[in-house]
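Worksheet for the structure shown next.
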Amino acid sequence: MTRTIERQTKLNSFEKFKAEKDGLAVKTEIENFAKIGWEAIDKTDRNHRLKWLGVFFRPVTPGKFMLRMRMPNGILTSKQMGVLAEIVQRYGNDGSADITTRQNLQLRGIAIEDIPDIFNKFEKAGLTSVQSGMDNVRNITGSPVAGIDANELYDTRELVKQVQDMITGNNKGNSEFTNLPRKFNIAIAGCRDNSVHAEINDIAFIPAYKNEKFGFNILVGGFFSAKRCEAAIPLNAWVEPSQVLTLCRVILEVYRDYGLRENRQKSRLMWLIDEWGLEEFRSKVEGQMGITLETEALKDEIIWEKRDHIGIYKQKQLGLNYVGLNIPVGRFYAADMFDLARLAEVYGNGEIRLTVEQNVIIPNIPDSRLETFLTEPLLEKFSIDPQSLTRAIVSCTGSQFCNFALIETKNRALAIAKELETELSMPKPVRIHWTGCPNSCGQPQVAEIGLMGTKVRKNGKMVDAVNLYMGGKVGKDAQLGSCIQKSIPCEDLKPILRNLLIENFAAQPK
Ligand code: SRM
Ligand code: SF4
């Protein structure tokens, strides 16, 4: 494991602090941190190592931490949602939760004093936030309608769970994978519309048949960063579902042991693939797996446009439906969370699902309960038939809570969408993604219209602005969009978007 570290003489400051003490080590210090309070915690422990437990110090709101969960395949139970709602409720007006672009949940406003108690609650409820930040594998995404989609090719739920359990040591924390050179993303697609944005992950599994046998083509190295954005490239390999776990383990080991650790801007998996060449990377993986990987299937099964799952859909189980609710910009509060848990319990089987578009799906609602379900007041707030722009907004956290942010995103995204909706009728949803800085957490490169926060000087004053991206395509033939106009002051943005929507997306002035 230390081979790369020995090879490289100049380590960046993150590598140094990780070598001094592994991030996961703070697990045993949590009680003490809770006792001494956030101001007295060693700064490296507080600002960095705590992220190995999913506890994020927020310099924008010091003392109010963010908790990033893990939600394998984006699935949780109503009981778990209830536990999370109780936690958020304690923080009153300051407590909220966000659905993330990785089918996951983040809780806000958390006091460090409460973390030991919260972790106990998590353990009892089968929840975890372990290894969800910094140089760890992020939430593993899978098809949001796995197991209920009449057209699915593979139910990804079990595989996603197995991969998470392997990486996190069954949620207890696994120091084998807590010192990667950088963050790492894994996605497993089991349906025809690539509903996980496979192409922007470090490892992606794409459904593909070989000699009539089901398996996955493998993509590697996809990532976004402030310095460089790349779609994942084919490894020219195909695996059966039973090989997914081992392949993930081995690629992670290769990345951990040989990944570049000198410059954090050049540490993601693709930089190692660049340095070695794809062939050498592939042979190293094969060597460590002890097999020759089969070459990729000639065609994959991603042949549909991406679905957003908002609305009512028949399940593969006769007489059951899943209903997708639009949670504008992914933000909700304790009362909403309790209510969602109740709806899932009363009408469904207690299951709740999250999507990478920051929305919620309630599955398993019988035909006979649907009509009453549709009269629930929560559906006025979280519509199953929202207007075309609100329906498809995705937004990162932005300056309200994120100290990297150059602009406010969520509130602004929603306000502009609402204004445009009063002025225009749109024949179909337009996917607008907002991201507060070049880190691209809001994935502007996959959007039809992507907006990336920046600053610009206007009339001698620095003002909030965006770089405009277009051309992102998701689902079949996914491709990344590119920046077509830089530094548009946010105050001048609305008429520009209005024109774009009219000219490129057939919007009509009302
Ligand atoms: Fe992200 C860092 C939020 C998805 C690329 N991201 C951050 C931090 C942790 C920075 C910080 O400490 O403040 C943000 C926390 C803000 C907060 O308080 O919420 C943050 N990222 C998010 C979330 C919450 C955005 C959202 O509103 O949904 C997403 C959480 C996903 C999850 O559940 O784990 C989130 N981040 C992404 C994605 C999208 C994806 O995975 O599909 C990307 C681009 C894809 C990728 O990683 O290749 C992304 N985040 C980054 C980067 C740039 C990484 C790089 O290689 O340079 C950073 C900065 C870093 O790691 O140094 C970053
Ligand atoms: Fe923060 Fe930038 Fe990520 Fe938005 S894109 S959450 S502003 S790091």
Side-chain angles (χ1 to χ4, degrees), residues 12 14 47-48 50-51 54-61 64-72 74 96-110 129 131-141 180-187 196-204 221-232 259 263-271 327 329-331 354-359 393-410 413 433-446 450-454 474 480:
N12 65 62
F14 287 75
N47 298 0
H48 300 301
L50 271 174
K51 292 181 182 169
V55 180
F56 287 59
F57 178 67
R58 299 292 71 197
V60 181
T61 57
K64 293 171 187 164
F65 288 75
M66 180 268 280
L67 253 178
R68 180 184 284 169
M69 307 303 298
R70 300 192 76 93
M71 294 280 152
S96 60
D98 290 322
I99 306 175
T100 77
T101 50
R102 292 201 67 80
Q103 228 181 8
N104 193 11
L105 280 176
Q106 294 187 163
L107 315 184
R108 299 201 180 273
I110 311 292
S129 58
Q131 291 168 239
S132 59
M134 288 297 290
D135 298 349
N136 288 290
V137 181
R138 296 288 181 276
N139 193 46
I140 299 157
T141 55
L180 300 175
R182 207 62 165 85
K183 71 184 292 196
F184 199 92
N185 292 327
I186 302 176
V196 287
H197 295 307
E199 70 285 357
I200 61 171
N201 284 262
D202 296 271
I203 314 179
F223 78 111
F224 294 161
S225 73
K227 191 177 167 70
R228 179 180 172 198
C229 294
E230 293 288 348
N263 176 353
R264 275 184 81 75
Q265 296 308 317
K266 295 187 173 181
S267 295
R268 297 289 295 269
L269 179 66
M270 186 64 104
W271 293 96
I327 315 289
V329 294
R331 166 88 27 103
L354 311 172
T355 71
V356 297
E357 287 83 21
Q358 304 176 313
N359 294 315
I393 300 178
V394 169
S395 173
C396 85
T397 305
S399 62
Q400 192 181 359
F401 298 111
C402 178
N403 55 306
F404 287 119
L406 297 167
I407 63 166
E408 201 285 317
T409 49
K410 283 194 190 270
H433 284 223
W434 284 75
T435 208
C437 81
N439 283 327
S440 297
C441 305
Q443 314 148 322
Q445 304 85 347
V446 307
L451 301 163
M452 179 188 287
T454 183
V474 291
L480 302 185

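All ligand and atom numbering here is 1-based and tracks the order in the structure. Predicted model, so just to flag it, every value in this text is computed and none were measured.
Here's the thing with Arg102: one of its N/O atoms is less than 3.5 angstrom from an N/O atom of ligand 1. Annotation: Asn104 places an N or O atom under 3.5 Å from an N or O atom of ligand 1; distance criterion only. For ligand 1, one of its N or O atoms has an N or O atom of Thr101 under 3.5 Å away. Between Ser440 and ligand 1, not a single N/O pair is under 3.5 Å apart. Residue Phe224 places at least one N or O, backbone or side chain, under 3.5 Å from an N or O of ligand 1.
Scanning all protein heavy atoms for the shortest distance to atom 1 (Fe) of ligand 2 gives Cys402 SG, 2.3 Å. With respect to atom 46 (C) of ligand 1, the closest heavy atom belonging to the protein is Asn185 ND2, 3.3 Å. With hydrogens left out, the protein atom closest to atom 55 (C) of ligand 1 is Ser225 CB, 3.4 Å, a heavy atom. Ranking protein heavy atoms by distance to atom 47 (O) of ligand 1, first place goes to Lys183 NZ, 2.7 Å. Closest to atom 42 (O) of ligand 1, if we only count protein heavy atoms, is Gln443 NE2, 2.9 Å. Scanning the protein heavy atoms around atom 5 (S) of ligand 2, the nearest turns out to be Thr435 OG1, 3.2 Å. With respect to atom 60 (C) of ligand 1, the closest heavy atom belonging to the protein is Arg182 NH1, 3.4 Å.
Distance check for Cys441 against atom 1 (Fe) of ligand 2: none of its N/O/S atoms falls below 2.8 Å.
Partner of Gln400 under the side-chain hydrogen bond (donor to acceptor under 3.5 Å, both in side chains) criterion, chosen from Glu408, Lys410, Arg331, Arg108: Arg331.
To the nearest 0.5 Å, the span separating OG1 on Thr101 from CD1 on Ile200 amounts to 7.5 Å.
Contact check on Arg264 versus Asp135 returns a salt bridge, with a Lys/Arg side-chain nitrogen under 4.0 Å from an Asp/Glu carboxylate oxygen.
Under 4.0 angstrom from ligand 1, the non-hydrogen atoms of Gln358 all belong to its side chain.
Of all the listed residues (Gly221, Cys441, Cys229, Ser395), Cys441 holds the heavy atom that lies closest to atom 23 (C) of ligand 1.
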